[in-house]
**Q** 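Just dropping this structure here.
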Amino acid sequence: MVDMRNDRAIAKPAILFLCLGNICRSPLAEGAARAAFASAGIDATLDSAGTGDWHIGHAPDRRAQAEARRRGADISGLRARQLSPGDFYRFDLILAADEANLRDALAIRPGDATADLRLMLDLIPGRGGEGVIDPYYGKDAGFAATWDDVDAVAAALVAEFSPPSE
Ligand code: 4NP
């Protein structure tokens with residue numbers, strides 16, 4: 001099991017989901033995580049960002065909003081923003097959707113960053129090193145697959161950050 005807490009006891013975990021545009025994968029990941037943490041009763045700071053700047057201020061892609069709604073999550077109020085160096089101090093864990101996002105994040109990571117940076121699917125046994133496929137240029141069905149992936153990531157996070165049972 002990967003130690004996502006970096007040997008620090010985290011009372012309220014702060015987790016940032018990262019993709020390219022912050023309008024498809026990472027807002028879906030944030031939506032899935034918000035639902036999973038709320039239903040587990042765990043307090044967490046959850047946010048998402050993109051490495052690119054094209055969609056700053058935009059709501060999630062309509063197809064992402066529709067898929068989230070279909071799964072019981074409302075992500076319509078989220079607005080895209082770009083990853084900044086300060087995020088590497090504000091968050092305990094930054095989870096990138098794919099290798100390109102990971103590389104771009106590493107390029108702006110301050111030398112004394114406190115956040116752990118890894119791929120989202122590294123949290124899923126057997127899927128380490130895999131990227132969450134970008135659904136932006138594909139068919140609507142791709143968004144269902146994205147939700148399945150990020151929902152599994154959300155469940156793994158909840159398991160990791162659940163208080164130890166007595
Ligand atoms: P995301 O998808 O990284 O999952 O938000 C994309 C959204 C927009 C673009 C690429 C990927 N784009 O090139 O505009």
Side-chain angles (χ1 to χ4, degrees), residues 2 4 13-38 44-110 113 115-124 126-158 160:
V2 177
M4 286 177 283
I15 303 163
L16 179 69
F17 300 95
L18 181 70
C19 64
L20 177 59
N22 192 207
I23 57 167
C24 297
R25 291 166 294 175
S26 62
L28 283 170
E30 180 182 344
R34 284 187 180 282
F37 275 81
T45 296
L46 301 166
D47 196 4
S48 62
T51 56
D53 63 2
W54 310 283
H55 297 287
I56 291 172
H58 295 183
D61 185 286
R62 297 230 159 260
R63 297 163 295 172
Q65 291 190 41
E67 186 58 34
R69 206 174 308 117
R70 202 166 75 77
R71 308 295 188 114
D74 179 3
I75 60 168
S76 63
L78 301 182
R79 294 295 176 266
R81 72 171 181 89
Q82 190 173 24
L83 180 70
S84 74
D87 288 321
F88 288 88
Y89 306 104
R90 281 193 286 274
F91 293 91
D92 303 300
L93 180 60
I94 299 177
L95 288 174
D98 64 29
E99 280 286 350
N101 309 147
L102 192 75
R103 264 198 316 277
D104 291 342
L106 274 174
I108 66 155
R109 181 170 71 163
D116 284 339
L117 173 64
R118 62 185 74 239
L119 288 173
M120 294 183 188
L121 291 176
D122 282 353
L123 308 191
I124 309 298
R127 299 194 65 189
E130 268 185 58
V132 175
I133 293 169
D134 188 347
Y136 185 66
Y137 293 106
K139 299 199 169 86
D140 287 8
F143 285 80
T146 305
W147 180 273
D148 289 342
D149 279 355
V150 299
D151 197 39
V153 171
L157 285 168
V158 162
E160 180 65 20

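Values reported hereafter were calculated over all heavy atoms of this structure, with side chains retained and with hydrogens, waters and symmetry mates removed. First listed ligand is number 1; within each ligand, the first listed atom is number 1.
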**Q** What's the shortest distance from atom 12 (N) of ligand 1 to any protein heavy atom, and which residue and atom give it?
**A** Y136 CE2, 3.6 Å
**Q** With heavy atoms of I23 as the reference, note each atom of ligand 1 found under 4.0 Å away.
**A** 5 (O), 7 (C), 8 (C)
**Q** Check this for me: does any side-chain nitrogen of one of R63 and E67 sit under 4.0 Å from a carboxylate oxygen of the other?
**A** no
**Q** Could you check L95, L119, D122 and say which one makes a side-chain contact (heavy atoms from CB on, under 4.5 Å) with V153?
**A** L95
**Q** Suppose we measure from atom 14 (O) of ligand 1 to each protein heavy atom; which comes out shortest, and what is that distance?
**A** H55 NE2, 2.9 Å
**Q** Tell me whether the count of non-hydrogen atoms from other residues, nucleotides or ligands lying under 6.0 Å of CZ in R79 goes above 12.
**A** yes
**Q** Give the residue and atom name of whichever protein heavy atom lies nearest to atom 10 (C) of ligand 1, and the separation in Å to one decimal.
**A** L20 CD2, 3.6 Å
**Q** Kindly confirm or rule out an N or O of C24 lying under 3.5 angstrom from an N or O of ligand 1.
**A** yes
**Q** Taking 4.0 Å as the limit for heavy-atom contacts, which would you say applies to D61 with ligand 1: side chain only, backbone only, both, or neither?
**A** neither
**Q** Would you call E160 and I15 a side-chain contact if the rule is heavy atoms closer than 4.5 Å?
**A** no
**Q** Hey, does L20 have a side-chain heavy atom less than 4.5 Å from the side chain of Y136?
**A** no
**Q** Can you see whether D98 engages N101 through a side-chain donor-acceptor pair at a distance of less than 3.5 angstrom?
**A** yes
**Q** I'd like to know whether CD1 of I133 has more than 12 heavy-atom contacts from other residues, nucleotides or ligands below 6.0 angstrom.
**A** no
**Q** For ligand 1, find out whether one of its N or O atoms is nearer than 3.5 Å to an N or O atom of D134.
**A** yes
**Q** Which residue owns the protein heavy atom closest to atom 13 (O) of ligand 1, what's the atom, and how far is it?
**A** Y137 OH, 3.1 Å
**Q** Can you report which non-hydrogen protein atom sits closest to atom 1 (P) of ligand 1, along with the distance?
**A** C19 SG, 3.5 Å
